[in-house]
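One structure is given here, and the rest of the page talks about it.
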Amino acid sequence: MWIRVLGSAAGGGFPQWNCGCANCRGVREKTIRATARTQESVAVSASGDAWVLLNASPEIRQQIESFEPLHPRGPRHSPIAAIVLTNGDLDHCLGVLSLRESHPITVYATDQVRRGFIEKNVLYRTLERFPGQVTWRRLVLGHPQDVVGADAPGAGAPIERHAPIGLSVEAIAVPGKPPVHLEDLPASPEDSVGLLIRDAVAGVTLAYFSGVGEISPAVADTLAGADCVFFDGTFWSSDELTAGGLGTKRAEQMAHLPVGGPDGSLARLTGLSAVRKILIHVNNTNPVLREDSRERARVEAAGWEIAYDGMEITL
Ligand code: MLT
Ligand code: MN
Ligand code: ZN
């Protein structure tokens with residue numbers, strides 16, 4: 001299994017356009033040891049031929065261009081067979097609307113996330129230019145399914161897009177919340193999921209949990225059995241936004257378990273057998289972004305890595 005981090009930051013990226021926190025200023029002015037990051041998205045492939053994107057960030061165009069295996073191999077072609085959405089947050093799904101150049105695409109999402117994206121959304125019409133432009137495939141919690149490409153006979157869609165790409169995906173409910181723009185809707189167990197991606201031939205699994213409000217038994221079980229783990233690295237501490245005068249919500253109110261502290265994910269996720277353990281969806285305020293910070297040293301001492309754009313993993 002070939003894993004490429006296209007974007008590793010939380011919503012807004014790093015630096016964020018309207019943020020003058022110490023991290024954002026420091027990375028702009030090159031006065032701290034830190035690297036800019038685009039918003040979270042990861043590409044995964046079994047063969048290197050066909051790829052699945054885990055989330056579609058607002059920076060998807062630049063991210064596709066940044067990685068040659070995702071470039072077209074014909075006049076109208078894309079090696080991206082499918083996109084899987086872990087929730088309806090805009091940093092995870094706005095990129096789908098950017099893929100509007102009349103190309104058949106396949107999107108895996110829970111029914112809740114699909115409805116949140118298409119209902120009352122007049123901009124979605126840009127993906128209804130021809131029948132079957134988007135094939136939605138439903139993620140049913142706890143049911144692994146083979147990842148397959150678009151089944152619509154769109155212009156120039158090569159036949160191999162219809163075939164399974166050698167990976168299966170299973171969605172695991174994660175304590176989360178509806179996206180900010182749908183917070184008036186009742187919460188659902190399908191609002192936010194983690195993913196277990198399997199390559200049965202290679203016999204390896206990737207657990208992808210980029211937004212986690214709480215480590216439920218189901219989340220803990222999935223992480224325990226995976227060969228590679230990506231986990232929510234949004235905030236180091238609960239009051240990171242409020243203390244910095246940057247926001248009004250605590251990490252928990254945004255359904256992100258902090259990494260640090262006695263109840264944080266670093267303390268709770270000890271003893272995982274995964275060969276690689278990586279924090280992703282890192283917010284611009286998080287001190288772990290600074291390569292020489294105390295918090296970064298703690299993360300690394302515990303055997304975790306911080307995702308960066310361009311990071312590659314082979315399992
Ligand atoms: C999150 O990860 O909590 C969201 O991306 C926040 C947001 O949509 O502003
Ligand atoms: Mn986010
Ligand atoms: Zn900032």
Side-chain angles (χ1 to χ4, degrees), residues 1-8 10 40-46 51-56 82-87 89 92 108-110 113 139-147 165-176 189-234 255-259 264-282 288 299-300 302-308 311-315:
M1 188 188 291
W2 186 2
I3 302 166
R4 165 89 177 197
V5 176
L6 301 173
S8 50
E40 176 217 320
S41 176
V42 169
V44 186
S45 182
W51 291 79
V52 58
L53 297 192
L54 312 183
N55 290 323
I83 296 166
V84 186
L85 302 178
T86 59
N87 64 24
D89 288 351
H92 287 160
Y108 287 78
T110 64
V113 168
L139 290 176
V140 178
L141 300 177
H143 287 268
Q145 55 185 303
D146 286 335
V147 177
I165 66 166
L167 298 172
S168 71
V169 60
E170 176 181 346
I172 294 94
V174 161
E190 292 198 350
D191 280 331
S192 204
V193 298
L195 305 172
L196 185 62
I197 311 280
R198 288 191 183 87
D199 177 337
V201 173
V204 292
T205 54
L206 159 67
Y208 192 80
F209 286 73
S210 64
V212 178
E214 183 54 49
I215 302 171
S216 65
V219 173
D221 277 358
T222 310
L223 298 180
D227 298 301
C228 177
V229 168
F230 279 75
F231 196 80
D232 186 336
T234 312
H256 293 296
L257 181 68
V259 175
S265 53
L266 209 57
R268 307 253 310 265
L269 293 177
T270 52
L272 295 181
S273 60
V275 291
R276 303 286 293 267
K277 303 182 290 178
I278 298 152
L279 296 173
I280 195 166
H281 190 272
V282 186
V288 301
V299 164
E300 290 175 351
W304 287 81
E305 301 168 74
I306 305 294
Y308 55 89
M311 182 182 209
E312 276 187 29
I313 291 156
T314 315
L315 293 180

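Along the sequence shown, residues are numbered consecutively beginning with 1.
- Listed by chain and residue number, Arg37, Asp309 satisfy the side chain to side chain donor-acceptor pair (under 3.5 Å) test with Ser8 (two or more places apart in sequence, or in another chain).
- Residues passing the side chain to side chain donor-acceptor pair (under 3.5 Å) test with Thr205, sequence neighbours excluded: Asp227.
- In this view, Tyr108 satisfies the ring pair (Phe, Tyr, Trp, His ring centres under 6.0 Å) rule with no residue, not counting sequence neighbours.
- Here the OG1 atom belonging to Thr314 is positioned 8.0 Å from the CH2 atom belonging to Trp2, to the nearest 0.5 angstrom.
- Between Val44 and Met1, the closest side-chain pair of non-hydrogen atoms falls below 4.5 Å.
- Proximity of Ile197 to Leu54: side-chain heavy atoms (C-beta onward) are separated by under 4.5 Å at one or more points.
- Residues meeting the side chain to side chain donor-acceptor pair (under 3.5 Å) test with Glu305, sequence neighbours left out: Arg276.
- The side chain to side chain donor-acceptor pair (under 3.5 Å) test applied to Asp232 returns Thr234, His256, not counting sequence neighbours.
- The minimum heavy-atom distance between Ile83 and Ala56, with the atom names listed, is CG2-CB, 4.1 Å.
- The OH atom of Tyr208 lies 5.5 Å from the CG atom of Asn55; values are rounded to the nearest 0.5 Å.
- Between the side chain of Thr110 and the backbone N or O of Leu139 there is no donor-acceptor pair closer than 3.5 Å.
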Practice problem: Decide yes or no on side-chain contact (heavy atoms from CB on, under 4.5 Å) for Val229 and Phe209, but give the supporting numbers first. | Solution: CA-CA 8 Å; Val229 168; Phe209 286 73; over 6 Å; no
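- Taking every heavy atom of both residues into account, Gly213 and Leu257 meet most closely at O-CB, 3.9 Å.
- Across Glu40 and Ser210, no two heavy atoms sit closer than the pair OE2-OG, 2.9 Å.
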Exercise. Please report the C-alpha distance between Val42 and Ile280 in whole Å, then the side-chain angles of each, then the deciding distance to 0.1 Å, and finally whether the side-chain contact (heavy atoms from CB on, under 4.5 Å) criterion is met.
Key: CA-CA 10 Å; Val42 169; Ile280 195 166; 3.6 Å; yes
Quiz item: How far apart are the C-alpha atoms of Thr86 and Val174, what are their side-chain angles, what is the distance that settles it, and do they pass the side-chain contact (heavy atoms from CB on, under 4.5 Å) test?
Solution: CA-CA 10 Å; Thr86 59; Val174 161; over 6 Å; no
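- Of the candidates Val282, Leu266, Leu269, Val259 forms a side-chain contact (heavy atoms from CB on, under 4.5 Å) with just one, namely Leu266.
- Between the CD1 atom in Ile306 and the CE atom in Met311 there is a gap of 9.0 Å [rounded to 0.5 Å].
- Across every non-hydrogen atom of Val219 and Ala173, the tightest pair is CG2-O, 4.0 Å.
- Note that the NZ atom of Lys277 and the SG atom of Cys228 stand 11.5 Å from one another [nearest 0.5 Å].
- Residues Ile278 and Ile313 meet the side-chain proximity criterion, which asks for heavy atoms closer than 4.5 Å.
- Between Leu279 and Val288 the shortest side-chain heavy-atom distance does not fall below 4.5 Å.
- Trp304 meets the ring pair (Phe, Tyr, Trp, His ring centres under 6.0 Å) test with no other residue; sequence neighbours excluded.
- The shortest distance between side-chain heavy atoms of Leu206 and Phe230 falls below 4.5 Å.
- Going from atom CG of Leu195 over to atom OG of Ser168 covers 11.0 Å, rounded to the nearest 0.5 Å.
- Note that the CG atom of Leu141 and the CD1 atom of Ile172 stand 8.5 Å from one another [nearest 0.5 Å].
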Practice problem: Before giving the answer on side-chain contact (heavy atoms from CB on, under 4.5 Å), spell out for Asp199 and Leu315 the whole-Å C-alpha distance, their side-chain angles and the decisive distance to 0.1 Å. | Solution: CA-CA 9 Å; Asp199 177 337; Leu315 293 180; over 6 Å; no
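- A pairwise comparison of heavy atoms in Ser192 and Gly211 identifies OG-O, 4.1 Å as the closest pair.
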